[in-house]
Amino acid sequence: MLFHSSIRRELARTFGATLVILFTIVLTMLLIRTLGLASKGSVNPEEIMLVLGYTVIGRMPTILTLALFIAIVSTLSRMYRDSEMIIWFSSGSSLGGVLGPVVRFSWPVLLMIALLVLFAWPWSNQQTDELRERFERRSDIERVAPGEFQESSSGRRVFFVDRNTEGGREGRNVFVSTLEDDGSRSVMSARAGRIDTVEDTQFLVLESGQRLESGADGQTRVSDFEEYRARINATAGSTRSEQRRKARSTWDLMMEPTAGNLGELGWRIGVVLTAVNFVLVAVAATVSNPRAGRGGNLFFTLFGFIVYFNLINVGQRWTGSGMMGLGTQLMLLHGSVFVLASLWLVKRHLNISLRSWLPRASHVAARRHAAP
């Protein structure tokens with residue numbers, strides 16, 4: 001049918017252009033954020049592109065949802081504004097008939113969103129966490145570049161090495177400043193330093209140096225040593241942290257239905273349901289108003305998108321804290337939006353005017369009140 005093919009063709013063009021624009025904007029923002037993490041020492045500068053790629057994959061469900069919503073609203077708004085919808089309605093089509101080609105165009109995008117948020121989202125988070133943890137688990141001496149002050153992973157030590165041997169395991173003219181748990185500070189300088197591994201634990205060994213201790217009570221002590229050992233960190237096998245909830249697979253969340261896991265599971269399912277509801281909302285709510293200008297529907301699109309996704313995050317926190325069950329949260333938020341959007345679509349399809357009902361109801365009430 002010509003009507004269906006014309007709508008799908010314009011939807012495809014608008015969706016492609018919108019997706020490219022949104023992808024470029026999000027990619028730029030994520031690149032700036034990743035560079036900031038690299039400058040803070042949270043991400044290996046050599047792995048910036050890997051971290052950026054995994055992060056973009058995790059953000060693709062949101063990008064696709066917004067691009068689909070904007071494409072539907074922009075296409076239908078253009079058709080209303082150019083009186084093209086009036087021509088189609090006059091030829092026998094209806095608003096309900098618009099829903100058919102829109103759904104036929106949208107279902108592959110909705111399927112892609114579901115696959116990405118249920119499978120690609122936890123996988124990308126897992127890969128990003130592994131890169132960050134691997135970078136943070138490096139020994140403190142391996143972080144140090146000769147001639148530069150470097151802070152340790154815990155933030156309690158500052159290192160300086162004048163010269164470094166090949167492999168980064170030994171250094172010459174080492175300076176270490178340490179902040180202890182009780183508030184005292186110690187400053188050590190040594191002629192040489194190296195790393196020794198004893199039973200899966202790494203030790204910093206300083207040779208021929210001096211230690212200056214400043215206690216919390218203001219007292220200072222100076223001592224010389226031939227050899228000084230300090231535990232710096234364990235190896236990767238003994239310090240492997242537990243996988244974050246966002247990096248856990250959807251199946252693991254279902255098999256371990258704790259409150260936190262159900263909150264994360266509700267967020268993933270909610271993203272898919274949000275995309276479905278946005279298709280209905282876009283068809284039902286798009287009306288061309290010449291007085292509002294071309295940006296009226298676009299403003300509504302962005303505002304509704306922001307509000308809806310904030311409600312998803314609120315529902316995730318409520319479910320994660322045990323204030324609300326998963327089924328209740330899905331029904332109250334997404335079920336209510338689905339029902340309201342469907343009623344709105346039926347109202348516009350049947351051309352039901354609430355304004356015409358209000359005067360009639362008030363007139364009937366006045367007649368009953370005036371009757372003896």
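Since the structure is predicted, the reported quantities are computational estimates derived from the model, not experimental observations.
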Tell me whether [X] at atom [atom1] has more than 12 heavy atoms from other residues, nucleotides or ligands lying less than 6.0 Å away.
X	atom1	result
Phe119	CZ	no
Phe309	CZ	yes
Met49	CE	no
Glu226	CD	no

- Message: One thing to verify: whether Arg221 and Glu213 come together as a salt bridge, which I'm taking to mean a side-chain N less than 4.0 angstrom from a carboxylate O.
- Response: yes

- If you measure only the distance, is there a donor-acceptor pair under 3.5 Å linking the side chains of Thr178 and Arg185? no

- Task: Give a yes-or-no answer on whether the side chains of Tyr308 and Asn277 include a donor-acceptor pair shorter than 3.5 Å.
- Result: yes

Got [X] and [Y] here, is their nearest side-chain heavy-atom distance under 4.5 Å?
X	Y	value
Val176	Ser186	no
Leu30	Arg59	yes
Val339	Leu343	yes

- Query: Where does the angle between the aromatic ring planes of Trp121 and Trp267 fall among parallel (under 30°), tilted (30 to 60°) and perpendicular (over 60°)?
  - Reply: tilted

- Task: Mind telling me whether Phe105 and Phe15 have parallel, tilted or perpendicular rings, with 30° and 60° as the class edges?
- Result: perpendicular

- Task: Carefully, step by step, assess Leu302 and Leu66 under the rule side chain to side chain contact (heavy atoms under 4.5 Å, CB included).
- Result: CA-CA 8 Å; Leu302 297 177; Leu66 182 57; 4.3 Å; yes

So, the side chain of [X] versus the backbone of [Y]: is there a donor-acceptor pair under 3.5 Å, distance only?
X	Y	value
Asp224	Gln210	no
Asn261	Pro257	no
Ser124	Ile57	no
Thr28	Thr24	yes
Ser74	Ala71	no

